[in-house]
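Numbered from 1 within each chain, the chains take letters A, B, ... in sequence-line order. Predicted model, so just to flag it, every value in this text is computed and none were measured.
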Amino acid sequence: MQAAPIQLAVPLKFLVVDDSRAIQAIVRRAISNCGYQPIEVQTAMDGEQALDIIESFAPNLVITDWHMPKVSGLEMVQALRQMGHHHIRVGFVTTEKTPALLEEAKSNGALFILHKPFNDQELVAVVAEAVKDLIKVAAAVPPPVTVVAKEAPPEPPPVVVVKRNPDDPVPQTALQAQLTEALGNIPFRLIGNEKMSSDKLTQNNLLGLYGATERKGVYAIGVMDSNAVCMVGGGAARKSPAEVRAAMTSGQPDELMLNKAHEFLRSAAGILSESAGDPAITVSMAKASIVKNTFAKLAEVLHQTGHRSDFRISIPGYGEGRMAFFVMAL
Amino acid sequence: MTDVAHLQEAEKVSAQLSQAWDFLGGVARHFDFLVEPLPALAYAEYSFVLPMSVYAEQRTGGVGVLIAREDALQVASHMFGMDAAQVQDADLQDACAEVCNVFSDCIALHVSGNEDVSIGLPSRISGSDFEHISQHSVVAAVYQSHFDAATLWVVVYDVFCQPT
C-alpha cells in the first residue's frame with residue numbers, strides 16, 4: 001500500500017535534463033513516486049536548454065545526465081555556479097564513471113551521482129535525501145521577511161609581483177590575477193606558452209596598441225581572438241554562457257563584451273610597465289581596434305620569435321580562446 | 001589475458017547486460033557470450049552504434065546494438081510507461097539509443113578498467129552503414145539474447161570504422 005503523499009505548502013520543483021526522453025520519463029516517474037505533493041517537473045534535452053529553463057523556473061533540484069550534445073551535464077553545473085546559482089541542488093544520473101570527472105562534479109556541488117542502470121527505489125532514495133530539508137521548510141513556511149543584505153566590503157585585488165623579464169613581457173601569474181579581477185568568481189584556466197599563429201586566429205581579432213614613456217612609436221601589441229574577446233568580455237559583463245557561446249559562434253561580440261575586452265587589454269598595460277625592466281617606463285594603451293586575420297601587420301607580429309607571451313584561456317561552459325602580447329621596441 | 005580470465009570477464013559483461021536490460025526493458029533476460037566461430041550478424045531495424053576512444057591503446061573501438069522491432073517496442077513501452085500500441089517511431093529510436101548508451105557503459109567497464117575510455121554519443125545506422133562497419137571494423141566480442149522470436153545482438157568492436 002502506498003503511503004499518503006506529504007502535502008507541501010509550496011510545490012517542489014524539479015528539472016530533469018537528459019537527451020533521452022525515455023530516461024526523462026523514467027526519472028519523472030521516480031520523482032512522482034517520492035510521495036510529495038504538489039510537485040512541478042520540467043525537462044530539458046541538454047545543458048544549454050537547461051540553463052535557459054533554470055533562469056525562469058528556478059528548480060529546487062536539477063537531475064541531470066552527463067553525456068549530452070552541446071553542453072554536458074558537468075559543463076551545465078559549472079555554468080550554473082558561474083551564473084551565481086549556488087543554491088540550486090544538482091544530482092547526476094549517468095553512466096559516467098571516470099573518478100576524476102566524478103570528483104569534479106562533486107566539487108561543483110553535486111549531491112548525488114546515481115549510475116545507470118538503477119532501480120526506481122534507488123532514485124527515490126537519493127532524491128528524498130537531496131530535498132529532505134526543503135520538505136521541512138515547506139511544511140512550515142515562515143512569513144516572508146524582507147532583509148536588506150549588508151554588502152561585505154570588496155576584497156582588495158591580489159598583489160602580484162611581476163618579475164622583469166623582457167622575453168616574457170606578460171607573466172602568466174600576473175595575467176591570471178588580472179583575469180581573476182575581470183572575471184570575478186567565474187572559474188577559468190589559463191594555459192601559457194600556447195603560441196598564437198596566423199592559422200589559429202579567428203576571422204576578427206581585437207588588437208591593442210601600447211605606447212610607453214621615453215619610447216617612440218608602438219611599444220607593445222596585445223591580441224585577443226574573438227573567442228577570447230567574447231569570453232573575457234562576456235565574463236566580465238556577467239553574460240550567460242548561452243549569450244557568450246552565441247557570440248563566439250557568430251564571431252560577433254556585442255558592444256558590452258567589446259568594451260569589457262578593451263578594459264581588460266587596457267589593464268594589461270600595468271603588467272607591461274612592471275615587466276619592462278630598467279629604466280622604469282609607464283606603458284599605456286593608445287588604442288584598440290578590431291582587425292581581420294588577413295591584416296598583414298598582424299601576421300608579421302605573430303612571426304616574432306621573442307619578447308612575447310602567449311596564452312590559451314579555457315572557461316567551462318564558454319569554451320576556449322587565445323591571446324598574446326608582444327613587445328616591439330625594447 | 002588468459003582464455004579463462006577472458007571468459008570470466010565476458011560473463012561479468014553478460015551479467016551486466018542482463019541487469020541493464022532489466023532496468024531498460026523491465027524484464028529479466030539472459031545474454032550469452034558467443035565464442036568462435038561467430039555467426040554472420042544481420043542488420044536490425046533499430047541498429048545503433050557508439051564510438052569508444054581507448055586512449056591508453058590509442059585506438060577507437062565501439063559498441064553496436066542490433067535491436068529487432070519486437071524488442072524495441074518492449075523497451076520503449078517500459079521506459080515511457082505506455083502501451084506498445086501507443087509507442088511512436090521517435091520513441092523507439094530514443095529508447096534504443098539509450099539501450100546503446102547503457103550497454104556501452106557495461107562494456108566500457110571492462111575496457112582498460114574504464115580509466116582511459118571516452119564514450120561518444122549513440123547514433124542510428126542504416127543498412128549500408130552497417131555493411132561498411134562490418135567490412136572495415138574488427139569485432140572483439142558478440143553477445144546475444146533470445147526472447148520469444150526476437151534476437152538482440154550486442155557487438156563489441158576492437159577497431160571501429162564508421163562511414164564519414
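- Under a cut-off of 6.0 angstrom, the local environment of NZ in A:K70 is sparse, with at most 12 non-hydrogen atoms contributed by other residues, nucleotides or ligands.
- Annotation: A:N193, atom CG; neighbour count of heavy atoms from other residues, nucleotides and ligands within 6.0 Å does not exceed 12.
- Both the backbone and the side chain of B:N101 have a heavy atom closer than 4.5 Å to some heavy atom of chain A.
- Checked by atom type and distance alone, the side chain of A:R21 never pairs as donor or acceptor with a backbone atom of B:F80 at under 3.5 Å.
- Among all heavy-atom pairs drawn from A:F118 and B:F23, the shortest one is O-CD1, 2.7 Å.
- Using a 4.5 Å cut-off between heavy atoms, A:D19 contacts chain B through both its backbone and its side chain.
- Neither the backbone nor the side chain of B:A97 has a heavy atom closer than 4.5 Å to any heavy atom of chain A.
- Rounded to the nearest 0.5 angstrom, A:N119 CG and B:Q19 CD are separated by 9.0 Å.
- Using a 4.5 Å cut-off between heavy atoms, B:A76 does not touch chain A at all.
- Taking NZ of A:K116 as the start and CZ of B:F103 as the end, the distance is 13.0 Å to the nearest 0.5 Å.
- Atom CG in B:D94 sits 6.0 Å away from atom CE in A:M45 (nearest 0.5 Å).
- The number of heavy atoms from other shown groups lying within 6.0 Å of CD (A:E40) is above 12.
- No other option in A:D120, A:I23, A:D18 has as many heavy-atom pairs under 4.5 Å with chain B as A:I23.
- The side-chain hydrogen bond (donor to acceptor under 3.5 Å, both in side chains) test applied to A:R245 returns A:E48, not counting sequence neighbours.
- Using a 4.5 Å heavy-atom threshold, the side chains of A:P117 and B:D22 count as separate.
- Top candidate by heavy-atom pairs under 4.5 Å with chain B, chosen from A:R29, A:H67, A:H115, is A:R29.
- Rounding to the nearest 0.5 Å gives a distance of 10.5 Å between CG of B:L121 and OG of A:S72.
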